[in-house]
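Right, one structure below, let's go through it.
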Amino acid sequence: MQPTLPELPAGPIGILAAMPGEIVALLGAMRAQRAVDLKIIGQREFYSGELFGRRCVVVLAGIGKVAAAITATTLLQSFDVAALVFVGVAGGIAHGMAVGDVVVADAVLQHDLDASPLFPRFEVPLLGVNRFTSSAPLSNGLARAAERFLAGVGAGRLHRGLIISGDQFVHSANHVRALRDSLPDALAVEMEGAAIGQVCDAFAMPFAVLRIISDAADGDAAQDFPRFLEEHASRYSLGIVKHFLSGDD
Ligand code: ADE
């Protein structure tokens, strides 16, 4: 029986991540709970099954905006999903962000999109917007889940606001400063969230993006990122998604 959580859509939830380390524990939990159906489409493995009492489709999206857009579009077109949730890690770029903090996006923006002077910098050509707003009910649910998880860990803070995406691994203090200068309200940088936002906008599909801070996008990022991914990312994703899906707050 599907528990009724008023803030979550009734149908299956599509859960995406960019790296295997971000979803390996979720897939393990899904396999442990019920039989899982695997479909391979467009070189991607879509796992349908039950996760903490809810029907879900879990898929590894790959890295970058194009990979994320292919995966999200396939998920929407080939599976009966009612919402998309992207989980993974990000570089913290706002002052006061620390490794192990969690960010839930209120909106997402492509920081490397620049068709100026034809369109204002960051604006998605012909759409007239530069950011896509996430679903408030989904994001509220994720934020509550993250708060509960972080309370259990005993470290890390929850932030809500703008997450920016681009096809670049940001790894220098100068680049972070430039991003802060042009997008002062950006909290974290990653490589997929805004692509999910644009696809979901095109299909009128609710979405949410949750990121755990793995690095500061500075000169140490190339070391900090894989270390966090290996040591913590899977546990954080599993723990937060478990609270989110089971609505145990
Ligand atoms: N994901 C995690 N850390 C990142 C960074 N520094 N740049 C882009 N994407 C990331």
Side-chain angles (χ1 to χ4, degrees), residues 15-26 59-72 84-105 107-114 122 131-132 134 142 146 150 156-198 207-238 240-241:
I15 300 181
L16 307 92
M19 310 271 293
E22 292 164 331
I23 56 162
V24 66
L26 282 175
V59 58
L60 188 63
I63 300 170
K65 293 189 297 174
V66 174
I70 293 169
T71 313
L84 297 195
V85 172
F86 201 102
V87 294
V89 298
I93 59 169
H95 294 291
M97 307 286 298
V99 169
D101 284 359
V102 172
V103 186
V104 174
V108 289
L109 172 150
Q110 299 174 52
H111 69 79
D112 58 350
L113 180 45
D114 186 357
F122 306 126
R131 30 189 100 190
F132 298 101
S134 59
L142 277 177
L150 291 174
R157 292 196 305 140
L158 171 71
H159 309 262
R160 295 186 68 168
L162 179 66
I163 293 182
I164 59 174
S165 315
D167 287 313
Q168 296 160 345
F169 182 77
V170 179
H171 62 104
S172 84
N174 280 344
H175 198 164
V176 171
R177 260 192 296 277
L179 289 172
R180 271 195 210 130
D181 285 349
S182 52
L183 295 163
D185 59 336
L187 299 180
V189 63
E190 36 85 311
M191 301 177 69
E192 297 84 21
I196 301 296
Q198 186 168 344
F207 78 94
V209 177
L210 176 140
R211 295 287 184 168
I212 307 132
I213 300 302
S214 57
D215 57 81
D218 58 6
D220 295 327
Q223 287 81 47
D224 294 343
F225 166 79
R227 189 182 313 131
F228 190 90
L229 205 58
E230 173 148 344
E231 293 174 8
H232 306 292
S234 197
R235 181 169 52 91
Y236 272 63
S237 306
L238 176 65
I240 295 170
V241 169

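Read the numbers this way: they start at 1 and go in the same order the structure lists the ligands and their atoms.
Contact annotation: the side chain of I213 never approaches that of H159 to less than 4.5 Å [non-hydrogen atoms, C-beta and beyond].
For ligand 1, the atoms lying closer than 4.0 Å to a non-hydrogen atom of G91 are 2 (C), 3 (N), 4 (C). Taking a cut-off of under 4.0 Å to the non-hydrogen atoms of S214, the atoms of ligand 1 that pass are 2 (C), 3 (N).
The main-chain N or O of V89 is found under 3.5 Å from a side-chain atom of R211 such that the two form a donor-acceptor pair. The backbone N or O of R157 sits less than 3.5 Å from a side-chain atom of D101, completing a donor-acceptor pair.
From the protein, the heavy atom lying nearest to atom 10 (C) of ligand 1 is V189 O, 3.7 Å. Nearest protein heavy-atom neighbour of atom 9 (N) of ligand 1: E190 CA, 3.4 Å. Closest to atom 4 (C) of ligand 1, if we only count protein heavy atoms, is F169 CE1, 3.4 Å. When hydrogens are left out, the protein atom nearest atom 3 (N) of ligand 1 is D215 OD2, 2.7 Å; that is the closest non-hydrogen contact.
Not counting sequence neighbours, the partners of R227 by the salt bridge (charged side-chain N to carboxylate O under 4.0 Å, His left out) test are D224.
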Handout entry: L229 and E22: CA distance, side-chain angles, deciding distance, side chain to side chain contact (heavy atoms under 4.5 Å, CB included) verdict
Key = CA-CA 7 Å; L229 205 58; E22 292 164 331; 3.8 Å; yes
Problem - Residues S165, E190; criterion side-chain hydrogen bond (donor to acceptor under 3.5 Å, both in side chains); working and verdict - result: CA-CA 5 Å; S165 315; E190 36 85 311; 2.7 Å; yes
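Centroid-to-centroid, the aromatic rings of F225 and F169 come within less than 6.0 Å.
The closest approach between a heavy atom of H171 and any atom of ligand 1 is not below 4.0 Å. Using 4.0 Å as the threshold, Q168 has a heavy atom nearer than that to some atom of ligand 1.
The shortest N/O to N/O separation between A217 and ligand 1 does not fall below 3.5 Å. At least one N/O-N/O distance between V170 and ligand 1 falls below 3.5 Å.
If you look at F225 next to ligand 1, the close heavy atoms, those under 4.0 Å, all belong to the side chain.
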Please list, one pair per line, the donor and acceptor atoms closer than 3.5 Å that link side chains of residues 60-68 to other protein atoms, with sequence neighbours excluded.
unit_1	atom_1	unit_2	atom_2	d
K65	NZ	Q110	OE1	3.0
K65	NZ	D112	OD1	2.7

